Each structure stands twice: as C-alpha cells, then as structure tokens.
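Small disclaimer: the values here were computed from a predicted structure and weren't measured. Keep in mind that the numbers below use all heavy atoms, side chains included, and drop hydrogens, waters and symmetry copies. The chains referred to below are lettered A, B, ... by the order of the sequence lines, with proteins before strands, and numbering in each begins at 1.
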Number of protein chains: 2
Amino acid sequence: MTVQDAAAVDVRAAAVAWEELFRAQVAIMRRLQRDPIWDRVSLREYDVLFTLSRAPGGLRLRDLAESSLLSQPSLSRMVERLEEDGWVRRAPAPGDGRGVLVALTDDGAALQREVGRRHVQAIAHYVGGALDAEQLAALTRVAGDLRAAQPGIADLDRGAEGDRGAAAP
Amino acid sequence: MTVQDAAAVDVRAAAVAWEELFRAQVAIMRRLQRDPIWDRVSLREYDVLFTLSRAPGGLRLRDLAESSLLSQPSLSRMVERLEEDGWVRRAPAPGDGRGVLVALTDDGAALQREVGRRHVQAIAHYVGGALDAEQLAALTRVAGDLRAAQPGIADLDRGAEGDRGAAAP
DNA sequence: GTCCGTTCCATGCGTTCGCATCTACCCCCA
DNA sequence: TGGGGGTAGATGCGAACGCATGGAACGGAC
C-alpha cells in the first residue's frame, strides 16, 4: 500500500464516519421534533433556555451565541421573542455598556424543567432504546473527543489550516 | 441500586450521549459551513445532489424527501430552484401521473463531484484530524447502529410508543 | 363505470434565518 | 485627553423554511 493509498483510506474513513454521524443525528432529531412538547417553545428555543439553565447568573448574548446553533443576529431576535413571551429577561451587562446579560425568568426556568424532563424521556426512547450502556459510553466518549479537538470558534477566522493541537505560546 | 435508579441511569446516559453527539455534529457542521465551496450550491442543496448522485436513474420526489433534512414543501421548492439553475431535471414519473422523477443533469453531476471532492477534504480535516482510525471505526459503527434502530418515518405517525424491535407481522 | 379515501406534489402564507451593515461603547496609546 | 481600531448587539432586507391546504391522480369496493 502506498502512502497515497493510506491517506485515501483515512479520508474515506473520515467521510464515512461523518456521514453516519450526520445521518444518525438527522434521524434522531426528526423524531424528537415530532414530540408534541414543542408547542410553547421550539426545540431551538429550548436549546437556548437549556444553556441558560446551566448559568445561574445569566449569560452574555455573545457567550450564548457561541454555544447556539444560530447566527448572532438570529439569536438576538430569538432572545427578543423569548423576552416578549416572558421566558427570559434582558439586562445591561455590568461593567460593559455594550453588553446584554440574558437570564431565565422564574417562568422560563420552570418551562425549561418541564419541557426538559419530557425531552429527556424522548431521548431515552430513541437513543437509549437503540444502544446499550456500553455503546452509549462509546458514543459519548468519541463524540466528546471529536468536539474537544475542534478549534475555538474565534480561532476559525484566522486560518483553519494551522496546526491542530499546537500549544498556545 | 433499585430498579428506578437503574432506569434513571439509563435515561441520563442516553441524554448525555445524545447531547455529545448533537454538540459534536453542530461543531463540525459549523466549520464545514465556513468552507468557501458553498457559493454555487448550499450545503443542504449539495446533500440533495449527493443523494441523487447515488441514484443513477433518478429519484421520486417523495423518496428524496425521506432522506432529506427538509419538509416536503421545502424540498419541492428547492428542487424547483435546482432545476432553474440547471443542476437537476424534473420529469413525470413513469407509471404514476402524480409523481415527479428528479435526476441530475450532466452539469449537476459534475458539480456534485467537484464540490464533493473538496467537501470530503474538509471532513477529513475536521473529523479525520480529530480521531484515529479506531475511533473513526467506532463512531461509524455506533452511529450506524443508532440510525438503523430508528423506525421508518412511515411508522412514526402511528405511535412512537409501540414496542421497539417487534417484528413486522 | 363510479365513488371514496389516500397519496403525491405544488402553492399561499406567516415566520425565521443569515448576511451585510449600523450604532454605541470599550480599550489603548500618543 | 482625544483619536482610532476593535467588539457587542440591533436592524434592514431578501431568501428559505414549515404548516396548512389545494388539486390531480391512484386504487380498491361495489
């Protein structure tokens, strides 16, 4: 086997792995979407509420955007809608006149818990029902490794071709 | 450990695994989106072209919808746009006056190959660069199992609470 | 042949998205 | 202290989405 062949195998293996990961995610997501629990907030909105539920003091809009699936403008408008619906509260960020601090209201926290509980049940149904404990652990591990190996979003703009794993100076 | 505790652990393990899978997929997808190759077709459009590239005789719109990320109306309009751009051809389905058969044009097939080649390189970079061969194989296997265990989309509407794994009568 | 329920795709409509851009504010250095 | 580059979030705008629905074609019952 030549060096080129070996590289081609690696490329192919990565592409196949990604396609499986992608399709599995789509398949599960479609089923989760069918759940009738998304009448008050959409799944994407829930994802924001969930992230906020882990940050008791609230989060800067900018930090929220980083862990969100949305672009910054879309998130800005989604937070606006969530505030109108009473799930979220916006306040000026302490110490930074530009910033906005977003936090759950009591209603928002209650909604997140209620929806979250049912959502987890659905996940257990579709994911837990398909994989045993060992497979779940393997999936958790490898997906975690995959995500951990990605460069920070800030590093993306200045060259994705740089060395991965190179320690910061 | 009680039976309830064991069940709770399972639910939690499934939820954690799903979250890792989901976040890894989002992280990778965001990076793939940054690739400058999406100026002629979007990633979602490419996904449709890719599916068509594996079906030499073309596909019914309904079959395309099943493997797509989009709703049927959205796919219908996307195919309309792809046809306007010359990547795809629509024809009446033989033997079914309601159906539409979608197939790649020569230009569409060429575009799919060209974009696909570059896309695979990006995947190799972000996925292959993060996981070794063994991890890639593990990911492929478990993601494949996860997807294979999902009920067909047609089965979804008549009760997701039914027994999993029950053989069809 | 006719009827009736189902399937397939297209279309009207309101919502949400991303891109580009704008304003306000922060920070640093001369 | 005042200017200039950089960052945080909001907004105008066109594109694309999903839901609900419409019209045509299929297929089995009678």
Nucleotide by nucleotide, nucleotides 3-13 of chain D touches protein heavy atoms under 4.0 Å in the pattern (B base, S sugar-phosphate only, - none) ---BBSBBBBB
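Rounding to whole angstrom units, CE of residue B/M78 and C1' of C/dT11 are separated by 17 Å. At whole-Å resolution of the value, CG in B/L75 and C1' in D/dC17 are 12 Å apart. Distance B/E45 CD to C/dG18 P: 16 Å, rounded to the nearest Å. In this structure, CG of B/L43 is placed 17 Å from C1' of D/dA15, rounded to the nearest angstrom. The distance between atom CZ of A/R30 and atom P of D/dC19, rounded to the nearest whole Å, is 11 Å. What separates CG of A/L70 from C1' of C/dC19 is a distance of 14 Å, to the nearest Å. One atom, CZ of B/R44, and another, C1' of D/dG18, lie 11 Å apart when rounded to the nearest Å.
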Side-chain donor-acceptor distances from residues 78-88 of chain A under 3.5 Å, at least two apart:
{"unit_1": "A/E83", "atom_1": "OE1", "unit_2": "A/R90", "atom_2": "NE", "d": "3.0"}
{"unit_1": "A/E83", "atom_1": "OE1", "unit_2": "A/R90", "atom_2": "NH2", "d": "3.0"}
{"unit_1": "A/E83", "atom_1": "OE2", "unit_2": "A/R90", "atom_2": "N", "d": "3.2"}

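At a threshold of 4.5 Å between side-chain heavy atoms, the hydrophobic network of Ile, Leu, Val, Met, Phe, Trp and Tyr places A/L131 and B/V16 in two separate groups. Taken together through direct or relayed side-chain contacts under 4.5 Å among Ile, Leu, Val, Met, Phe, Trp and Tyr, A/L69 and B/I28 form part of one hydrophobic cluster. At a threshold of 4.5 Å between side-chain heavy atoms, the hydrophobic network of Ile, Leu, Val, Met, Phe, Trp and Tyr places B/M29 and A/L32 in one connected group.
If you look at A/W18 and B/H119, their ring centroids are not closer than 6.0 Å.
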Salt bridge (charged side-chain N to carboxylate O under 4.0 Å, His left out), that's the test. Do A/R23 and B/D47 meet it? Break it down for me. CA-CA 11 Å; A/R23 302 240 176 255; B/D47 189 62; 3.3 Å; yes
